[in-house]
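Quick notes on the structure that follows.
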Amino acid sequence: MPYLEACVAETLRLHNPVSAVGRIAAQDYTIGDTGITVPKGMLVNFSIQSMHRNPDYYPEPDRWNPERFMPYNRDKLVPYTYMPFGLGPRNCVGMRFALMETKTATAYLVNRFKFIRTPKTTVPLVQTKLTKYRRCLCRL
Ligand code: HEM
């Protein structure tokens, strides 16, 4: 089970479905000693994907390596650099449910099926452009 959890965590790091989160400043806010002040009412978008692929926090960031999330490596993770479900009081309310169903479905599938690469399998994975995906959805 720790390895299954690590696989899910690493997949959500590399291929997080929600690539960014946003917040609107409730009041003027100066960020530390940067001299940057976010004025009240401004929308601030934060790229989760950029954080998850930052080599300062994840060596060889494009490599799928579940070992990063094994219990004996967890203390190497830097707080606030992993946030597939967002963070803070408005983070994802469905997180526990989503993780439970993902792990259940994965365990069920690997238990009953054998997964193999085909000649069409791209390694590393190449993602379909969102516009193409939307077009596919429209055809359904
Ligand atoms: C792998 C699956 C999922 C991922 C990666 C995901 C990710 C996220 C992210 C990044 C946010 C924004 C959090 C923030 O702004 O800090 C969010 C919000 C939210 N998610 Fe999910 N989510 C997933 C599944 C689900 C499921 C299964 C449900 C419901 C059953 C759900 C319900 C919500 C709701 C209601 C919010 C808005 C929370 C708020 O604004 O207070 N999510 N999710």
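Atoms within a ligand are numbered from 1 in the order they appear, just like the ligands themselves. Just so it is clear, the values below take in all heavy atoms, side chains as well, and ignore hydrogens, waters and symmetry mates.
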query: Mind checking whether Pro124 and Arg63 have side chains closer than 4.5 Å, heavy atoms only?
result: no
task: Distance to 0.1 Å, residue and atom name: give those for the protein heavy atom nearest to atom 13 (C) of ligand 1.
output: Arg90 O, 3.4 Å
- prompt: Any cation-pi pair here, Arg112 with Tyr108, using under 6.0 Å and within 45°?
  reply: yes
query: Is ligand 1 less than 4.0 angstrom away from at least one heavy atom of Asn91?
result: yes
message: So if I count the atoms of ligand 1 from 1 in the order they appear, which ones are less than 4.0 Å from some heavy atom of Gly86?
response: 10 (C), 13 (C), 14 (C), 16 (O)
query: Does Tyr82 have its ring centroid less than 6.0 Å away from the ring centroid of Phe69?
result: yes
message: Looking at non-hydrogen atoms alone, which of Phe97, Phe85, Phe46 comes nearest to atom 4 (C) of ligand 1?
response: Phe85
- prompt: What are the atoms of ligand 1, with element, lying closer than 4.0 Å to any heavy atom of Gly94?
  reply: 26 (C), 28 (C), 29 (C), 31 (C), 32 (C)
- line: Quick note on ligand 1: atoms under 4.0 Å from a heavy atom of Pro84 include exactly 5 (C), 7 (C), 10 (C)
- prompt: If you draw a 6.0 Å radius around CG in Asp33, do more than 12 non-hydrogen atoms from other residues or ligands fall strictly inside?
  reply: no
query: In the protein, which heavy atom is nearest to atom 42 (N) of ligand 1, and how far is it?
result: Cys92 SG, 3.0 Å
message: I'd like to check Pro17 versus Leu12 (side-chain heavy atoms, cut-off strictly below 4.5 Å). Are they in contact?
response: yes
message: Under a 4.0 angstrom heavy-atom cut-off, which atoms of ligand 1 come close to Pro17?
response: 5 (C)
query: Which of the numbered atoms in ligand 1 are below 4.0 angstrom from a heavy atom of Arg23?
result: 14 (C), 15 (O), 16 (O)
task: Give the residue and atom name of whichever protein heavy atom lies nearest to atom 12 (C) of ligand 1, and the separation in Å to one decimal.
output: Val21 CG1, 3.7 Å
message: Is atom 37 (C) of ligand 1 touching the protein, meaning some protein heavy atom lies under 4.0 Å away?
response: no
query: Do side-chain atoms of Gln27 reach the backbone of Lys40 as a donor and acceptor pair under 3.5 angstrom?
result: no
task: Check whether Trp64 and Ile48 end up in the same hydrophobic cluster, where Ile, Leu, Val, Met, Phe, Trp and Tyr are linked by side-chain heavy atoms less than 4.5 Å apart.
output: no
- prompt: How far is atom 35 (C) of ligand 1 from its nearest protein heavy atom, and which residue and atom name does that atom have?
  reply: Val93 CG2, 3.2 Å
message: Within the 4.0 Å heavy-atom shell around Ala98, which atoms of ligand 1 are there?
response: 2 (C), 24 (C)
- prompt: Do any N or O atoms from the side chain of Asp28 and from the backbone of Pro39 form a donor-acceptor pair under 3.5 angstrom?
  reply: no
- request: Would you check if Pro84 and His52 make a side-chain contact, meaning some heavy-atom pair closer than 4.5 Å?
  value: yes
- request: Answer yes or no for Arg13 and Tyr58: cation-pi contact, defined as NZ/CZ to six-membered ring centre under 6.0 Å and angle to ring axis within 45°.
  value: yes
message: Any nitrogen or oxygen of Glu101 lying under 3.5 Å from a nitrogen or oxygen in ligand 1? Just yes or no.
response: no
statement: Atoms of ligand 1 under 4.0 Å from any heavy atom of Leu87, numbered from 1 in the order shown, are 16 (O)
